[in-house]
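Below is one structure, written out as structure tokens; the observations come after it.
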Amino acid sequence: MDKLAFITGATSGFGRAAARRFVAAGWRVVATGRRADRLQALVDELGAERVQPACFDVRDADAMRAALDALPPHFRAVDLLVNNAGLALGTKPAQDASLDDWRTMIDTNITALVTLTKALLPGLIARRGGIVNVSSTAANYPYSGGNVYGGTKAFVSQFSLNLRADLHGTGVSVTALEPGMAETEFTLVRTHGDQAASDAL
């Protein structure tokens, strides 16, 4: 049977593009995200035999587990986990930043990522699969207003290195991607929906 990729944050940006590329390469995809209408649009575009939607918020561990348990049998044997879901919120310096924004970034970029990784690891080891964690150039290059976002991505990059060390000899590959600026909804989310501020950023 074709290989299966599990992609978080597949409703926009890198995640949606990854889903399209994997399907084009002959893979099947479990596409996750919070927006059911966008997941359905992906299914309509790429085909129900190729894409299985799983609608949940990655910050909700119970919803994540329920979504995993509800997957059809032929969409359970995950060969590749793509931890793409993540976000930045706010551009203010630390002293003026929102603590709620900080917590949301930590819950999404760190806690959710490790929770899902832990859940899928046994199967990935059994299938000698792979993990791709989407980090950021912000993991290595600080800038004003990057504060907690940069910290969360530094975690993702370092976690990937340590995960690779732990999984040495299992056949599981671990990759951290560190993209720079790209034309996605990322900055629009970061500026809380302010298109002008997003364009300026």
Side-chain angles (χ1 to χ4, degrees), residues 5-21 31-35 38 56-61 63-64 80-121 130-167 173-201:
F6 191 107
I7 303 173
T8 65
T11 57
S12 66
F14 294 158
R16 184 168 58 192
R20 288 170 173 156
R21 289 293 293 272
T32 84
R34 291 173 295 150
R35 293 172 283 191
R38 292 200 178 189
F56 63 92
D57 187 331
V58 291
R59 294 173 295 169
D60 185 337
M64 179 190 295
L80 178 68
L81 168 60
V82 181
N83 277 313
N84 166 72
L87 79 169
L89 291 172
T91 57
K92 294 179 180 178
Q95 60 271 29
D96 299 321
S98 162
L99 182 57
D100 285 341
D101 283 353
W102 283 7
R103 287 174 171 157
T104 298
M105 286 186 280
I106 291 167
D107 290 345
T108 305
N109 300 352
I110 296 178
T111 307
L113 183 146
V114 300
T115 301
L116 181 58
T117 301
K118 182 68 171 172
L120 294 184
L121 261 180
I131 299 169
V132 174
N133 293 324
V134 179
S135 180
S136 169
T137 53
N140 299 297
Y141 300 100
Y143 58 91
S144 179
N147 42 70
V148 167
Y149 174 69
T152 64
K153 290 305 184 177
F155 173 90
V156 171
S157 291
Q158 189 63 35
F159 176 63
S160 300
L161 292 172
N162 284 287
L163 197 57
R164 186 183 301 162
D166 287 345
L167 293 172
S173 64
V174 182
T175 302
L177 300 180
E178 297 181 351
M181 294 290 270
E183 185 68 28
T184 69
E185 294 179 7
F186 180 85
T187 54
L188 191 61
V189 171
R190 183 170 206 169
T191 56
H192 297 281
D194 185 333
Q195 186 66 59
S198 173
D199 292 343
L201 183 61

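Numbers here are sequence positions counted from 1.
The CG atom of Leu87 sits 8.5 Å away from atom OH of Tyr149, with the distance rounded to the nearest 0.5 Å. Here the CG atom belonging to Leu113 is positioned 3.5 Å from the CG atom belonging to Asn83, to the nearest 0.5 angstrom. Atom CG of Leu177 is separated from atom OG of Ser157 by 9.5 Å, given to the nearest 0.5 angstrom. Once rounded to the nearest 0.5 Å, the distance linking OG1 of Thr117 with CZ of Phe6 reads 10.5 Å. The CZ atom of Arg34 sits 7.0 Å away from atom OG1 of Thr11, with the distance rounded to the nearest 0.5 Å. In this structure, the separation between CG on Asp96 and OG1 on Thr91 is 10.5 Å, given to the nearest 0.5 Å.
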Stepwise side chain to side chain contact (heavy atoms under 4.5 Å, CB included) check, Arg103 with Ile106: CA-CA 5 Å; Arg103 287 174 171 157; Ile106 291 167; 5.6 Å; no
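Taking the side chain as every heavy atom from C-beta outward, Ile131 and Leu121 approach each other to under 4.5 Å. Arg164 has its side chain within reach of Leu161: a pair of non-hydrogen atoms, C-beta onward, lies under 4.5 Å apart. Counting only heavy atoms from C-beta outward, the side chains of Val134 and Pro179 approach each other to under 4.5 Å. You'll find the side chain of Val156 stays beyond 4.5 Å of the side chain of Phe159, heavy atoms only. For the pair Arg59/Thr104, a side-chain contact is recorded, criterion being any heavy-atom separation below 4.5 Å from C-beta on. Within the 4.5 Å cutoff, the side chain of Phe14 has no heavy atoms near those of the Val82 side chain.
When all heavy atoms of Ser12 and Arg38 are compared, the closest pair comes out as CB-NH1, 3.6 Å. Of all the heavy atoms in Met64 and Val58, the pair that sits closest is CE-O, 3.3 Å. Heavy-atom minimum distance, Ala63 versus Asp60: N-OD1, 3.0 Å. Between Lys153 and Ser136, the shortest heavy-atom contact is CG-CB, 3.7 Å. Taking every heavy atom of both residues into account, Thr8 and Leu116 meet most closely at CG2-CD2, 3.3 Å. The minimum heavy-atom distance between Ala61 and Thr115, with the atom names listed, is CB-CG2, 4.4 Å.
Counting only distance, with no hydrogens or angles, the side chain of Asn147 and the backbone of Lys92 share a donor-acceptor pair below 3.5 Å. Asn84 places a side-chain N or O within 3.5 Å of a backbone atom of Gly9 that can act as its donor or acceptor partner.
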